[in-house]
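These notes are about the structure you will find just below.
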Amino acid sequence: MSSHEITLTVNGTEQTLTVESRTLLVHALRDELGYTGPNVGCESSMCGACTVEVDGDVVKSCTMLAVQADGAEITTVEGLAEAHDDLHPLQETFNEEHGLQCGYCTPGMIMTAKEFLEETEDPNPDDEEIREAIEGNLCRCTGYQNIVRAVESAAERMYGDEAESATDGGVPAETGGD
Ligand code: FES
Ligand code: FES
């Protein structure tokens with residue numbers, strides 16, 4: 001079995017590791033580097049539980065060999081909170097809108113929804129668009145109604161009036177203190 005030394009920058013931290021030729025990216029992230037956000041579900045590109053960002057594109061990390069990601073910048077769900085100092089809006093709204101039950105699909109669902117929202121920049125995406133965007137991510141708990149609500153709510157938070165007022169230096173009502 002041949003081994004390879006590869007370098008991955010995960011959530012901003014460059015790390016060098018040795019993997020076998022056959023090691024899948026999801027296993028390298030979880031087992032070698034300890035990023036357990038991406039989950040292993042089907043290992044066959046069906047469920048989306050393993051979704052991460054590789055060089056800015058959403059990828060099901062069970063469909064990629066770790067060696068193929070050599071030199072790449074990877075973001076897992078753990079990196080979203082770090083990038084925002086606090087929780088990412090999608091992490092907040094999945095919590096608030098009960099967008100998770102067992103939580104197994106949640107990291108992948110959030111990564112996919114994040115790419116969708118960043119591409120549309122629409123504060124009011126409709127249900128159909130959201131369902132289409134997340135169709136590659138399966139929720140075995142079938143919590144789709146709340147997941148869609150969580151994505152809608154995050155869209156408003158990221159691109160709606162509240163976001164604009166924060167950008168303009170205004171203070172969003174609910175964080176205005178007492
Ligand atoms: Fe990767 Fe299911 S584990 S798509
Ligand atoms: Fe359980 Fe989606 S919350 S699989």
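In listed order, ligands and their atoms are each counted from 1.
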Closest non-hydrogen protein atom to atom 4 (S) of ligand 2, residue and atom name please, with distance? Arg140 N, 3.2 Å
When you measure from atom 3 (S) of ligand 2 to every protein heavy atom, which one gives the shortest distance, and what is it? Gln101 N, 3.2 Å
Between [X] and [Y]: side-chain donor-acceptor atoms closer than 3.5 Å:
X: Asp70; Y: Thr7; value: no
X: Thr18; Y: Ser3; value: no
X: His27; Y: Glu43; value: yes

Is the distance between atom 2 (Fe) of ligand 2 and the nearest N/O/S atom of Cys102 smaller than 2.8 Å? no
Examine all N, O or S atoms of Cys139, backbone included, and report whether one is under 2.8 Å from atom 2 (Fe) of ligand 2. yes
I need the atoms of ligand 2 closer than 4.0 Å to a non-hydrogen atom of Cys141, numbered in the order shown. 1 (Fe), 3 (S), 4 (S)
Donor-acceptor contact below 3.5 Å, side chain Lys60 vs main chain Asn137: no
Which residue, Val19, Val54, Ile6, forms the side-chain contact (heavy atoms from CB on, under 4.5 Å) with Leu25? Val54
Are the side chains of Val77 and Gln91 in touch, meaning some heavy atoms are under 4.5 Å apart? yes
Got a salt bridge between Lys114 and Glu118, using NZ or NE/NH1/NH2 to carboxylate O under 4.0 Å? yes
Basic-acidic side-chain contact under 4.0 Å: Arg157, Glu96: yes
Gly103 touching ligand 2 at heavy-atom level, < 4.0 angstrom: yes
Under 2.8 Å from atom 2 (Fe) of ligand 1, the protein N, O or S atoms, given as residue and atom: Cys42 SG, Cys47 SG
His98, NE2: over 12 other non-hydrogen atoms inside 6.0 angstrom: no
